[in-house]
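Remarks on the structure that follows.
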Amino acid sequence: MFKRQRTVKSPASIKGIGLHTGGRATITFKPGTVNDGIRFVRVDHPDRLEIPADIDYVIDTTRGTNLARDGVRIHTVEHVLAAVAGLGLDNIRIELDGDEPPICDGSAIPFVNALIEAGIVEQDAPREYLELDNPVLYSERENGLLKELVVMPSDDFHLTYMVDYQKSNLASQHTVLYSLEDEFVTEFAPARTWTFLSDVKALRERGLIKGGSLESAVVIADMDLSDEELDELKDLFGVEDRVVIGENGIVGTQPLRFDNEPCRHKALDLIGDLALLGAPLRAQVFGARSSHAANVELVRRIRGACVKKKPETGDVDPSASAPPASGSPVASATPAAPAPVAPAPEPEAVLDIEDILRILPHRYPLLLIDRVIHMEPGKRVTALKNVTINEPFFAGHFPGHPVMPGVLIVEAMAQAGGLLLLNTIDEPKSKMAYFMGIDHARFRRLVKPGDQLRFELETVRMRMHACKMEGKAYVNDELVAEATLMAMITDRAGQADQADRADQADREASQ
């Protein structure tokens with residue numbers, strides 16, 4: 001984690017054609033001063049107009065994130081911002097002699113390489129981070145598909161992303177970024193922008209993607225084409241030979257850089273749009289099918305929810321919510337917020353995820369317990385489950401209205417009970433906890449993405465082979481589900497006598 005502000009050591013430039021405007025431009029990265037932030041400079045303007053990379057200057061999100069000030073625009077800034085944010089740069093001047101950065105190969109890696117070549121240096125000032133005390137959510141529905149974003153408080157930046165557009169040539173994909181510092185350059189920066197073939201003609205008719213080509217984007221064939229229609233694509237893409245569609249459903253002959261390249265690029269776009277906050281964010285971010293419009297709306301909500309801007313040195317500014325970047329048109333008009341109430345300390349884990357993996361046999365996608373925060377062996381247990389939009393069951397369970405299935409709430413409760421049982425024996429790896437009965441199950445409230453389930457289970461009766469437990473599930477101290485569970489412990493090997501053991505467990509639990 002970067003602790004001091006960073007900028008580039010020397011200038012670096014890239015020339016090329018803009019994706020949507022088709023205009024040629026040169027982009028030059030230059031060192032920025034401490035606390036100056038990320039600033040675009042239109043050097044082709046007489047006044048060298050500066051436009052801060054800040055949410056307050058977003059003017060349009062049509063197929064990209066566009067900034068404007070005093071009637072002067074800069075189109076499609078997200079790839080450049082992703083490169084800057086991904087490398088942990090805080091202060092930089094981005095000079096541009098046109099109205100759109102070059103699209104290059106459609107990814108952020110050309111900008112990343114230029115910035116690395118320019119050299120990255122630390123500055124004599126602590127880095128500040130935006131933090132949250134509570135989750136931030138945003139969702140919208142477009143063309144029958146739900147776009148959803150969830151941001152949870154965290155001590156570092158992590159990103160989980162999913163795409164599923166119900167298209168035959170683009171399967172459901174997901175990706176996870178654990179560390180910008182370790183993974184961005186190699187795993188995300190090279191992912192190229194993409195679109196569906198069915199959208200290309202419409203985009204051209206709207207005056208967009210004038211500078212697009214098969215060398216600057218991945219085009220996914222989501223429609224069957226006749227030979228005549230394939231010939232027509234030659235003019236559309238500006239090539240001499242007939243356009244071919246590969247076995248992987250991609251238009252042209254270039255292979256994908258990653259099996260889930262479309263998903264990684266959507267994550268890349270989100271990283272770039274989050275840079276509009278004006279400071280790096282410490283949070284766990286979950287995204288599904290989001291657009292630039294959704295990303296920008298999420299940034300606005302995060303800006304409103306952030307309660308502190310904290311230097312890495314540990315000093316906290318308790319006076320207000322994070323101010324807009326210097327030069328923001330609302331900077332002088334924004335009143336100071338009241339001092340935030342310090343959040344309750346996060347309970348320490350009695351069993352963390354590594355301990356849970358050693359005890360329970362369950363694995364993705366059916367491992368449903370993240371942490372145990374209280375344990376009295378043989379008596380009671382308290383465990384946590386963080387519900388995220390990236391849970392695999394949300395894709396098919398009430399699509400468009402994500403609700404955690406009640407049976408999985410009970411399954412998670414049972415897994416917490418299994419941890420309680422198996423933690424009482426010396427060799428839990430050699431045993432299994434099977435649940436043989438569920439009684440009096442009740443569901444009091446819907447559980448949705450962004451909720452944290454807290455399971456509290458207490459032993460009612462325990463015999464040599466069997467145990468009866470009362471379980472309750474809470475969200476923010478509100479009871480959402482409850483059930484009586486009966487379980488038994490058995491060897492992992494030799495499960496053929498399951499029915500007999502179930503009868504035995506039933507008799508012992510009823511005694």
Side-chain angles (χ1 to χ4, degrees), residues 1-10 12-14 16 19 27 29 38 65 76-90 92 94 101-122 127 129 154-163 170-194 214-218 220 248 250 252-275 280-288 290 295 364 390:
M1 186 184 299
F2 304 122
K3 296 183 178 181
R4 307 192 73 78
Q5 294 183 30
R6 289 153 55 100
T7 189
V8 291
K9 183 178 181 180
S10 58
S13 298
I14 294 177
L19 172 62
I27 187 170
F29 300 101
I38 306 168
T65 300
T76 325
V77 299
E78 60 270 14
H79 298 173
V80 174
L81 292 181
V84 171
L87 291 174
L89 298 173
D90 303 276
I92 192 167
I94 307 171
I103 185 59
C104 301
D105 67 351
S107 77
I109 198 65
F111 305 119
V112 167
N113 290 338
L115 290 166
I116 292 175
E117 185 178 349
I120 297 174
V121 295
E122 290 190 343
R127 196 179 204 210
Y129 291 86
S154 177
D155 59 0
D156 202 354
F157 180 81
H158 309 285
L159 174 60
T160 302
Y161 203 92
M162 185 273 288
V163 296
L170 180 60
S172 177
Q173 299 179 354
H174 79 279
T175 188
V176 179
L177 181 144
Y178 296 99
S179 168
L180 273 177
E181 188 174 357
D182 296 335
E183 299 174 288
F184 177 79
V185 173
T186 58
E187 303 299 320
F188 290 87
R192 295 164 295 174
T193 191
W194 60 276
L214 294 179
E215 285 70 44
S216 61
V218 174
I220 301 173
N248 59 359
I250 304 301
T253 58
Q254 293 193 55
L256 289 175
R257 296 177 178 177
F258 307 97
D259 290 341
N260 60 346
E261 186 171 2
C263 186
R264 293 193 193 210
H265 185 81
K266 295 288 285 186
L268 173 78
D269 281 343
L270 180 53
I271 291 169
D273 288 335
L274 287 172
L281 178 68
R282 279 177 168 161
Q284 173 76 58
V285 182
F286 304 93
S290 65
N295 294 348
Y364 176 88
N390 212 46

How long is the straight-line distance from CG of L159 back to CG of L177, given to the nearest 0.5 Å?
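Rounded to the nearest 0.5 Å, the CG-CG separation comes to 6.0 Å.
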
[X] side chain vs [Y] backbone, donor-acceptor pair below 3.5 Å:
X	Y	result
E187	E183	no
R192	H265	no
K266	S290	yes
E78	D269	no
S10	A118	yes
H79	A108	no
H174	Y161	no

For a quick test of reading the model, state the closest non-hydrogen atom pair linking [X] to [Y] and the distance between them.
X	Y	value
P280	D90	CD-OD1, 4.1 Å
V121	K9	CG1-CB, 3.8 Å
L256	D259	CD1-O, 4.2 Å
T160	Q284	OG1-NE2, 3.6 Å

Flag the pair [X] / [Y] as yes when at least one side-chain heavy-atom distance between them is below 4.5 Å, and no otherwise.
X	Y	value
P262	I220	yes
V218	T193	no
Y129	L281	no
I120	L87	yes
F258	T175	no
D105	P110	yes

Check this for me, if you would: do R282 and D155 make a salt bridge, where the nitrogen-to-carboxylate-oxygen distance has to be below 4.0 angstrom?
no

Using side chain to side chain contact (heavy atoms under 4.5 Å, CB included), reason through I14 and C104 one step at a time and then give a plain yes or no.
CA-CA 9 Å; I14 294 177; C104 301; 3.7 Å; yes

Residue pair L274, F157: steps toward the side chain to side chain contact (heavy atoms under 4.5 Å, CB included) verdict:
CA-CA 11 Å; L274 287 172; F157 180 81; 3.8 Å; yes

Donor on one side chain, acceptor on other, S154 and D156, under 3.5 Å
no

Classify the side-chain pair D273/T65 by whether it contains a donor and acceptor separated by less than 3.5 Å.
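There is such a pair (donor and acceptor under 3.5 Å, judged by atom type) between the side chains of D273 and T65.
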
Check whether NZ of the Lys or CZ of the Arg R6 lies under 6.0 Å from the centre of the six-membered ring of F2 and within 45 degrees of that ring's axis.
yes

Could you tell me whether Q254 atom CD has more than 12 heavy atoms of other residues or ligands within 6.0 Å of it?
yes

For F29 and L89: C-alpha separation, side-chain torsions, deciding distance, then whether side chain to side chain contact (heavy atoms under 4.5 Å, CB included) applies.
CA-CA 11 Å; F29 300 101; L89 298 173; over 6 Å; no

Test S179 against H158 for side chain to side chain contact (heavy atoms under 4.5 Å, CB included), laying out the working first.
CA-CA 6 Å; S179 168; H158 309 285; over 6 Å; no

In this structure, which one of L81, V84, L180, N295 forms a side-chain contact (heavy atoms from CB on, under 4.5 Å) with I271?
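The passing option is L180.
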
Pick out which of L268, L170, V163 makes a side-chain contact (heavy atoms from CB on, under 4.5 Å) with C263.
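With C263 as partner, side-chain contact (heavy atoms from CB on, under 4.5 Å) holds for just one option, V163.
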
